[in-house]
Amino acid sequence: MYDASLTVGLPPMFSEEYVSRVTINKDDMTVEARSIRSSAFESLKSSWKLRPVLEEDTNCIDSADRFVKSNEMSDSKWSDVEFSVEMSVSDPIIVAALDKVMEEVAGRQISAFEKRCEDVLTSEKIW
């Protein structure tokens, strides 16, 4: 478990820096982050759950285009990733701003997660 300083939003319209407590469960292959200090959010929680994908399941493309595998990548390991975000905000101005940018914010979080996975894989460190 550790604390991390994070920033969400799309400046200049909205930006919030907050502190989250991050918990990693290696056995369950989950990562959870809960805000512990924020001026804008009453609560903010994100979670990631990874599930191994069996070799025979990687030779197709699912409805979200998550799994694409070619013959050159036969030694690759694959995971299905479930991502969720829950937040509670009472300020109507912040709610209106977030309604406009939430999809973009989620996209940025997913991109950051994918980049971190690539970094970990290339450095051969796991967790």
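Because only heavy atoms are used, hydrogens play no part in the values below, and waters and symmetry mates are left out as well, while side chains stay in. Just so it is clear, the structure is predicted and the values come from calculations on it, not from any experiment.
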D28: side-chain hydrogen bond (donor to acceptor under 3.5 Å, both in side chains) partners, not counting sequence neighbours: N25
Pair listing, salt bridge (Lys or Arg N to Asp or Glu O under 4.0 Å) test, anchored in residues 81-98, at least two apart: R51-E82
Summary of ring pair (Phe, Tyr, Trp, His ring centres under 6.0 Å) pairs that have at least one residue in residues 30-54, sequence neighbours excluded: Y18-F41, W48-F83, W48-F113
Partners passing side-chain contact (heavy atoms from CB on, under 4.5 Å) against E17 (at least two apart in sequence or in another chain): S5, T7
Non-neighbouring partners of S88 that pass side-chain contact (heavy atoms from CB on, under 4.5 Å), sequence neighbours left out: E42, S43
By side-chain hydrogen bond (donor to acceptor under 3.5 Å, both in side chains) - contacts of S111 (at least two apart): none
Atom pair CE/NZ of M29 and K49 - distance to nearest 0.5 Å: 7.5 Å
Atom pair CZ (R37) and CZ (R21), whose distance is rounded to the nearest 0.5 Å: 9.5 Å
Hydrophobic cluster identity match, Y2 and L44, side-chain contacts under 4.5 Å: yes
E16 (side chain) donor-acceptor with S39 (main chain) under 3.5 angstrom: yes
Listed partners of S84 passing side-chain hydrogen bond (donor to acceptor under 3.5 Å, both in side chains), at least two apart: S47
Residue list, side-chain contact (heavy atoms from CB on, under 4.5 Å) with V95, at least two apart or on another chain: V89, D99
Residue list, side-chain contact (heavy atoms from CB on, under 4.5 Å) with A33, at least two apart or on another chain: S20, V22, S46
Side-chain hydrophobic cluster, 4.5 Å single linkage: members besides V19: I36
